[in-house]
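Remarks on the structure that follows.
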Amino acid sequence: MAKKPEYGLLIDYEYCTGCFACQVACAQEHKWPAGMGGIRVIEIVENLPNDKHYLKFMPIPTELCVLCAGRTKKGEKPACVHHCMAACMKYGKIEELAKEINKPRMVLWAPRA
Amino acid sequence: MTEDGIKKIRTTTWSGGPGCHGGCGVIAHIKDNKLVKIEGDPDHPMNRGRLCSRCLAMTQIVHHPDRLTKPLKRIGKRGENKWQEISWDEAFDYIEEKMNKIKAEYGPESMTFSMGTGRDVGAWICMLAYAFGSPNVSFAMSGNGCYSPRIAATEIVLGDYCVFDGGQWLPKGHNDPGYKVPECIVIWGYNIPASCPDNIFGHWVTDLMKKGSKIITIDPRLSFFASRSDKWLPLRPGTDGALAMGFLNIVIKEGLYDREFVKKWTNAPHLIRQDTGKLLRESDLDPKGSAQNFVVWDKRANKTVIWDSGCAGYKAEVGEAALDCEFDITLANGTKIRATPVWTKFCARAAEYPVDKVAKITWLKEKDIIEAAHLYAKSKPASIQWGLAIDSTPAVTPTATAIASLWSIMGNLDVPGGNPIARYAYNAVAYALPGAKGVIKLEDKEMDKKRIGYNDYGPFREFIWRTQTDKMFEQIFTEKPYPVKGMWLQCCNLIGGTGYDPKKWVEALKKLDFVAVTDIFMTPTCQMADIVLPATSFLEKDSIRSWWVPLQTINKAMTVDECRSLIEINFEMAKRFDPNFKWKTIHDLFDEILAPSGMTFKELQKKGWSIPPDGNPSAPYHRHERGLLRQDKNPGFQTHSGKVELYSTLREEWGLDPIPCYEEPPFTPISRPDLAEKYPLILSTGRRSPVFFLSEHRNIPWLREADPDPVVEIHPDTAKSFGVENGEWVWVENWMGKCKLKAKVTPIVPRWMVMAAHGWWFPEKEGAEPSLYGMWDSNINQLMPMGANGKDGLGTITKHLLCKVYKVNGDF
Ligand code: SF4
Ligand code: SF4
Ligand code: SF4
């Protein structure tokens with residue numbers, strides 16, 4: 001069985017504007033060519049009753065996310081977290097982050113790392 | 001700082017590259033004169049560490065294999081994409097000769113200068129044009145329809161410009177104790193996180209939402225904000241003026257406005273003559289009186305009192321200035337007239353927009369309009385931030401003056417968390433923009449009268465020191481009253497981005513004797529040039545950034561081949577043309593611009609940035625009360641009357657309606673039902689992509705992958721009825737022309753409207769004509785006419801044309 005993950009990314013996706021800063025920050029930091037990277041931003045248009053809709057963006061860590069081990073060792077934030085335009089990403093210990101889920105519309109990712 | 005041979009250099013973004021209106025603080029990691037990484041500066045007050053995708057892609061921009069690196073001289077015909085590399089000296093000599101020839105044969109005004117948007121472009125192109133002796137600097141969009149119309153309109157109302165308060169004037173930003181979180185923010189025609197315009201960091205709004213600000217979004221399209229709004233008003237594009245008038249009517253009728261402010265700080269009590277419909281002036285009552293002074297009726301003393309515009313004060317004590325009723329007044333020549341205060345007229349105008357009528361015009365629900373008006377009016381403070389949609393309609397001035405009147409009479413003007421007056425930090429102004437006369441100016445007033453548009457439109461004489469684009473365009477063909485023979489295009493993709501009716505623009509450029517273009521990459525516009533000069537990004541130059549706050553330096557971190565900054569290029573040419581050119585080096589010029597701050601370039605550079613302290617006229621709040629806005633230091637505003645002008649003295653002078661109103665745009669289903677029969681969908685364009693700045697970045701791999709195709713957003717039901725499926729190529733067509741876009745079938749647009757991406761060309765395709773980088777395939781501007789402007793020469797039809805959509809047969 002895989003090791004229990006210790007660190008993760010907490011996303012307050014209510015505020016994610018779909019700006020792609022995290023996606024490009026990761027590509028820059030880890031020198032990924034276009035088409036690859038540690039995080040992908042997707043747009044979801046949700047259909048709701050009464051002809052209403054909700055526009056949601058979601059950053060999703062990929063198989064390539066290493067949680068910026070090189071940066072976090074030096075006490076820096078991961079590149080995506082540092083640059084997130086909406087400041088809606090947080091890096092930390094999963095157990096600590098879980099305690100910070102104190103409002104709706106949040107997701108805690110435990111990437112492959 | 002060094003670490004593994006990496007130098008970390010702190011600087012400011014403002015150039016082609018990220019493209020934006022800039023101002024973010026960044027730390028460039030440079031190794032062996034190469035950018036290896038760029039990061040947001042955590043200490044910078046604008047972005048506090050964050051950074052957009054465009055700026056984070058700078059390594060792919062500055063070191064792009066297609067970067068222009070040497071001056072190029074055309075050797076084939078225009079459009080053949082045949083070039084010869086030449087040295088800078090050869091380039092400068094060639095340009096000098098060509099431009100001097102135009103000057104000698106036709107006069108300096110026959111050479112025009114066209115800037116692209118923002119980005120440390122404008123000041124320096126003005127410097128060049130003025131040194132050459134030409135007043136004809138333009139921003140070549142129809143109706144100058146980006147930003148300056150809104151600035152001019154706000155100037156008309158209150159003598160300055162305003163932006164939304166994100167705490168940018170305070171040392172701790174929106175965490176500062178002097179700041180108030182707006183209870184409500186109105187996002188009006190604006191996808192602010194994608195664009196950072198007006199020198200505002202778009203995501204301040206998301207910061208404030210987390211702190212409890214409620215949002216009203218006015219946008220036909222379901223944006224990020226629309227989805228998260230307390231009130232979303234998906235209005236019909238171009239009807240913003242009707243909505244603003246409807247809001248005014250509600251707040252006035254229900255007494256929700258700030259009556260004290262209206263009485264004391266606006267020209268509401270100034271009397272209007274009923275016989276002429278014009279303002280009553282002191283000179284009407286007393287032949288020795290001034291025509292610049294106005295008259296109010298003192299209700300207590302039952303007599304008139306003169307308002308002295310010169311010092312923004314009454315000439316005698318006023319018991320209570322009347323805001324309503326009618327009064328009999330005898331003029332100096334004995335004529336008896338009746339007069340009414342401005343407020344009565346203003347309220348009567350607002351009353352022409354009852355909510356049922358506004359709902360009918362805007363296609364909104366009455367309930368939504370009322371609830372939004374109440375939410376805004378009852379929130380203290382509340383802030384309005386408007387976007388380009390306001391400029392994108394011919395009636396931009398009546399619309400924008402209505403909105404500026406609204407935030408003023410609601411008591412949100414220059415208060416924390418409201419709409420503070422935005423001035424250049426420390427009044428360090430590089431060049432003449434509406435409301436600010438800078439260090440770089442055209443000295444010859446007579447010459448300015450030759451500026452295209454000067455004689456046609458009031459705002460172009462008073463506030464906007466640019467040519468009126470549509471007139472210039474016309475003049476290239478008519479050569480009347482004088483021929484236009486040359487154009488210098490500075491980081492301006494006129495053919496692939498800014499210009500409406502681009503086929504005609506190609507014809508126009510081909511007609512000219514001389515075309516020079518400066519840019520960082522080849523563009524469709526470069527293909528029309530005789531000479532192309534390689535410009536730098538912000539990383540490769542020293543410059544300054546003086547636009548609202550903070551005041552900043554841009555610090556050279558590296559060089560790329562032979563690229564030169566716009567200021568260096570323009571400076572060299574200016575020196576050649578003007579024997580009396582004032583400055584020896586660019587740093588002398590920077591020092592002069594920065595002088596009002598008490599800092600030199602070097603001193604400011606050491607600090608990085610500076611925010612003016614409280615008490616400086618460029619720092620809020622309540623400046624009209626504290627005598628910080630006017631030169632004479634009296635309380636009041638720097639309008640002609642010294643008051644917030646709900647009734648515009650300038651518009652009266654120009655023969656235009658002085659009170660805000662709604663005007664139906666020229667090509668809508670309402671104004672042109674005949675066209676709507678053939679072209680049943682409202683065509684809106686210009687929405688921002690988070691990864692592109694206008695027509696830039698299509699060649700940057702990390703960015704292009706996020707937004708690979710030119711799309712047209714179309715509602716699922718509409719797509720179905722037109723037989724179109726998601727991801728299919730479609731023709732979008734109207735009477736002007738057509739272009740191919742990829743259908744993005746999505747319910748974020750209303751059924752009656754499509755939203756087309758703009759600024760599309762394909763750097764990967766053939767540059768020579770007829771291809772022009774595949775631009776004719778997907779440039780939506782082919783459907784946009786020139787010349788559809790407002791009565792004051794401003795505004796255009798970007799957001800509300802008509803079109804039809806159908807499947808492209810065959811592949812593309
Ligand atoms: S944590 Fe690092 S590796 Fe993972 S997505 Fe963010 S930037 Fe990429
Ligand atoms: S940077 Fe932040 S706001 Fe932007 S897409 Fe990524 S998570 Fe969303
Ligand atoms: S677009 Fe906005 S975030 Fe990006 S560099 Fe410009 S101002 Fe900063």
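In the text below, chain A, chain B and the rest are named by the order of the sequence lines, each starting its count at 1.
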Classify the ring geometry between B:Phe164 and B:Trp204 as parallel (under 30°), tilted (30 to 60°) or perpendicular (over 60°). tilted
Which distance, rounded to the nearest 0.5 Å, do you find between the CD1 of B:Ile215 and the CD1 of B:Ile185? 4.5 Å
Contacting region of B:Ser223 [heavy-atom separation from chain A under 4.5 Å]: backbone
One option among B:Pro701, B:Pro747, B:Pro193 has the most heavy-atom pairs under 4.5 Å with chain A, and it is B:Pro747
Between B:Pro716 and B:Thr746, is any pair of side-chain heavy atoms under 4.5 Å apart? no
Side chains of A:His83 and B:Arg50, heavy atoms from C-beta outward: is any pair under 4.5 Å? no
Which one wins on heavy-atom pair count under 4.5 Å against chain A: B:Val205, B:Ile38, B:Leu703? B:Ile38
Tabulate, in ascending numerical order, the residues of residues 15-34 of chain A having at least one heavy atom closer than 4.5 Å to a heavy atom of chain B, or enter 'none'. A:Tyr15, A:Cys16, A:Thr17, A:Gly18, A:Cys19, A:Phe20, A:Ala21, A:Gln23, A:Val24, A:Ala25, A:Ala27, A:Gln28, A:Glu29, A:Trp32, A:Pro33, A:Ala34
Crowding at CD, B:Glu725 (>12 non-hydrogen neighbours, <6.0 Å): no
Between B:Arg221 and B:Glu713, is there a salt bridge with N-O shorter than 4.0 Å? yes
Chain A: which of B:Pro690, B:Ser227, B:Cys52, B:Pro42 shares the most heavy-atom pairs with it under 4.5 Å? B:Ser227
With side chains defined as the heavy atoms from C-beta onward, is the minimum distance between B:Arg54 and B:Thr13 less than 4.5 Å? no
Portion of B:Phe201 that has a non-hydrogen atom of chain A nearer than 4.5 angstrom: side chain
Which bit of B:Ala194 comes within less than 4.5 Å of chain A, counting heavy atoms only: side chain, backbone, both or neither? neither
Using heavy-atom distances under 4.5 Å, tell me whether A:Glu43 contacts chain B through its side chain, its backbone, both, or neither. side chain
Interatomic distance, NZ@B:Lys231 vs CG@B:Asp368, rounded to 0.5 Å, equals 4.0 Å
Please determine if B:Arg698 forms a cation-pi arrangement with B:Phe692, meaning its NZ or CZ atom is less than 6.0 Å from the six-membered ring centre and no more than 45° off the ring axis. yes
